Amino acid sequence: MFDTNFDVIVIGGGHAGAEAAWAASHILGVRGRVALVTMDAAAIGRMSCNPAIGGLAKGQMVREIDALGGLMAHAIDATGIQFRMLNKSKGPAVQSPRAQADKYRYAAAVGKLLRDRCPNLFIVVGIVDKLVTEPCNQPDHLAQQRMTGVVLESGQRLSGRAVVVTTGTFLRALMHTGEAKTPGGRVGEQSAVGLSASLKSLGFELGRLKTGTPPRIARASIDFSSLETQPGDDHPQPFSDLTATPHSPLALGFPVLPQVPCYITYTNEKVHALIRANLHRAPMYSGQIQSRGPRYCPSIEDKVVRFADKTQHQIFLEPESLDTDEMYCNGISTSLPKDVQEQIVHSIAGLEHAVILRWGYAVEYDFSPTHQIDATLETRLVHGLFFAGQINGTSGYEEAAGQGLIAGINAAQTIAAKPAFTLMRDQAYIGVMIDDLVTKTPTEPYRMFTSRAEFRLTLRSDNVDQRLTPIGEKLGLAQSARVARLRHKLDAMQRVADALQQATSLSGTSAFELIRRPYIAWQSLTSTPLRHEEALRPLLCDASLTSIFDQVQIEARYQGYIAREKRSVERMHDLEDKLIPPDFNFANITELRAEARQSLQRFRPRTIGQASRLEGMTPSDITILMIYLGGRRRLARPRTTAPEIAP
């Protein structure tokens, strides 16, 4: 019998659970004990849906996880079979890395990182049936209960003062394929039923959401002659800064796998007619499924209904592994009956004789409306209980991983009696996502986009280390090799910027000012007559400084826009620094509109800034709220800027 006493217990071994366990175990170190409870140890890090990491805005989040010291980027760098930088023709603010993964190797890499690099982490196979709490008597917490542990379905109890729930699509999960319904959150896996009941007994409000997945087909049965080929980049760029660092303690190798193409095909009028003729058998339209699915990743039947004027929809055929014949049909997620799915697949160009290896299906699951959590991802009802991932109404591996990292950090901070940690909207896409969640309850699975970030010019993929590695170092999560690399980078950027300022054109314009112009690339300086170029010329010839010059040019060109963003950030911080007392009674402010009072009471914002972003709030409501708060002792949030890393 192993020791069942832990500091932090993480429920679920998906992308959120892996990051939470990683963060908690690294911050607590050898003095702490962390348990990761999973239904199947081999399923840790498993890719339930498309075999890819990153994408628009999502790629930035993976880079942010890496800059703070998380694990996702290491796993995808070691197991990617196609790397692409999206939006290369657009500005750096919206360029995002994406990679196809060998999904089996990816899960194995996540498991290996957890087992090999977290000596204080214990993997427990089981299903959590009940959360165990006791009255919370801490005066600084409004929660009535605090965590003391969990009980497994086997009856075994694990003790722990902090618990992170990352149950993905498994809470009271039900899969749908046509009229057939099967309990489970993933094909061949169980549903977690007891935990939903336990959450309800603690007073949590639960809702239902839906997601889906497409059929998988055999690669050997595809006619590629009629398909478009989508290759990866000739020179793949890793997600993790440490991957490119020689002898990094975490790098698993890059790129170690053969790179393969994806393929593109399309639906057609025959496919659409088949779908329309069988809508009465589609669970989403027959009434069998009542919950909402993701708007930005809809099923093919939803696309056909919502975009009736479209004659075709794009389908990406993505390899799932180098060792299997499975191809993922990205773009035709469906819960239609098997016989209809077969007709649809065989009506698509290139798939006329395709062998279907696994049918598509939809899955309904419980989630917790997000007015019940703080920006730390700790629940308001139970001290020491954190939610991360799809339980908070999000979709996507990257969104889950970002939340898991923050929840794991704060679970460890709770155990160590250290201040709670949050990221603000100007610091990271992860901060944008969490702020969106705690100010607006998702009515459909939440997905991150660059358009959600008002400060996206500064939340770029290329500067995540500058933004977040100092914070990761302060938390004790960022590795020393990462910090050393950042110091070296900042020193190199300063040397390049100084040399550019010193060198001038024959007309007296500095080289720095020249590369701010949109039609002048820094590479052209090698053939430009310059004065005072002694320091610059050898730097221009140093191939190792290419990425440094790229980033200095980006910063130079965005200088004016970034200055404008900083002024907006300062205004936002003025509101974020004005704290609202936790016990403030919004219902007493009769001057507020009823909708505003209800929204404030439901979400209980901790700052005026959060209040200003709530559903149903107007500028006049915020003015009234500030007048009332002005009559009480003003509470100021201490600034938590990260320390500078000296060169």
Side-chain angles (χ1 to χ4, degrees), residues 13-16 18 42-56 58-59 61-62 71-84 86 96-113 168-169 185-189 211-220 222 227 229-233 236 238-239 252 254-265 294 297 314-334 345 351 354 356-361 363 389-390 395-401 447:
H15 305 280
I44 292 174
R46 183 169 287 172
M47 293 178 149
S48 304
C49 205
N50 65 315
I53 294 292
L56 299 179
K58 293 168 175 278
M61 284 200 290
V62 180
L71 69 78
M72 177 173 265
H74 300 294
I76 185 57
D77 282 351
T79 61
I81 55 179
Q82 187 197 94
F83 290 82
R84 293 178 65 221
L86 306 183
S96 301
R98 184 183 189 272
Q100 294 295 134
D102 183 311
K103 71 175 189 179
Y104 300 108
R105 285 181 170 88
Y106 181 88
V110 171
K112 179 175 173 60
L113 284 165
T169 61
R186 194 160 49 203
V187 168
E189 299 184 42
T211 190
T213 192
R216 274 68 159 179
I217 60 178
R219 179 188 180 93
I222 299 172
L227 305 183
T229 302
Q230 185 187 57
D233 291 342
F239 281 82
L252 299 175
F254 174 84
V256 297
L257 300 177
Q259 301 295 287
V260 299
C262 296
Y263 300 89
I264 300 173
T265 185
C297 188
Q314 198 170 51
I315 303 168
F316 294 91
L317 301 179
E318 303 169 343
E320 294 205 320
S321 174
L322 297 175
D323 300 323
T324 71
D325 205 27
E326 300 162 282
M327 295 288 282
Y328 182 89
C329 301
N330 190 344
I332 52 170
S333 174
T334 183
V345 168
L351 309 184
I356 298 176
L357 301 175
R358 187 197 298 175
W359 304 104
Y361 62 90
V363 58
Q390 284 171 289
S395 68
Y397 307 145
E398 304 81 5
E399 289 88 344
R447 181 179 179 182

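We use all heavy atoms of the structure for the numbers below, so side chains are in, but hydrogens, waters and symmetry mates are not. For clarity, every value in this text was computed on a predicted model and none was experimentally measured. Counting begins at 1 with the first residue of the sequence.
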Query raised in the report: Do S321 and D102 have a side chain donor and acceptor closer than 3.5 Å?
Result: yes
Query - Residues S48 and R186: side-chain donor-acceptor under 3.5 angstrom - result: yes
[X] side, atom [atom1]; [Y] side, atom [atom2] - distance, nearest 0.5 Å:
X: I315; Y: C329; atom1: CD1; atom2: SG; value: 7.0 Å
X: Y104; Y: D323; atom1: OH; atom2: CG; value: 9.5 Å
X: Y397; Y: M61; atom1: OH; atom2: CE; value: 14.0 Å
X: I53; Y: E398; atom1: CD1; atom2: CD; value: 5.0 Å

Requested in this report: Would you sort out whether E320 and R358 count as a salt bridge (Lys or Arg N to Asp or Glu O under 4.0 Å), showing the intermediate values?
Outcome: CA-CA 13 Å; E320 294 205 320; R358 187 197 298 175; 5.5 Å; no
Ignoring hydrogens, what is the shortest heavy-atom contact between [X] and [Y]? Give both atom names and the distance.
X: G55; Y: L86; value: CA-CD1, 3.8 Å
X: I356; Y: P215; value: CG2-CB, 4.2 Å
X: Y106; Y: A101; value: CB-CB, 4.3 Å
X: Q259; Y: L257; value: NE2-O, 3.1 Å
X: P231; Y: Q82; value: C-NE2, 3.8 Å
X: P51; Y: K103; value: CB-CB, 4.3 Å

Report summary line: Residues passing the side-chain hydrogen bond (donor to acceptor under 3.5 Å, both in side chains) test with D233, sequence neighbours excluded, are K88
Report summary line: For T334, the side-chain hydrogen bond (donor to acceptor under 3.5 Å, both in side chains) test, sequence neighbours excluded, returns E301
Query raised in the report: Which residues satisfy the ring pair (Phe, Tyr, Trp, His ring centres under 6.0 Å) test with F316, sequence neighbours excluded?
Result: none
**Report entry** Salt bridge K58-E399, side-chain N to carboxylate O under 4.0 Å
**Finding:** yes
Any sub-3.5 Å donor-acceptor pair from [X]'s side-chain atoms to [Y]'s backbone N or O?
X: T169; Y: G185; answer: yes
X: D77; Y: P238; answer: no
X: H15; Y: G396; answer: no

Non-neighbouring partners of [X] that pass side-chain contact (heavy atoms from CB on, under 4.5 Å), sequence neighbours left out:
X: T213; value: C49, R216, Y328, Y361
X: A52; value: N50, R98, Q100
X: I222; value: I217, F224, L227, L317, M327, L351

Requested in this report: Check whether any side-chain heavy atom of E326 lies under 4.5 Å from a side-chain heavy atom of E318, and answer yes or no.
Outcome: no
Query - Verdict with supporting geometry, Y263 and Q230, side chain to side chain contact (heavy atoms under 4.5 Å, CB included) - result: CA-CA 5 Å; Y263 300 89; Q230 185 187 57; over 6 Å; no
Requested in this report: List the steps, then state whether side chain to side chain contact (heavy atoms under 4.5 Å, CB included) holds for R105 with I81.
Outcome: CA-CA 10 Å; R105 285 181 170 88; I81 55 179; over 6 Å; no
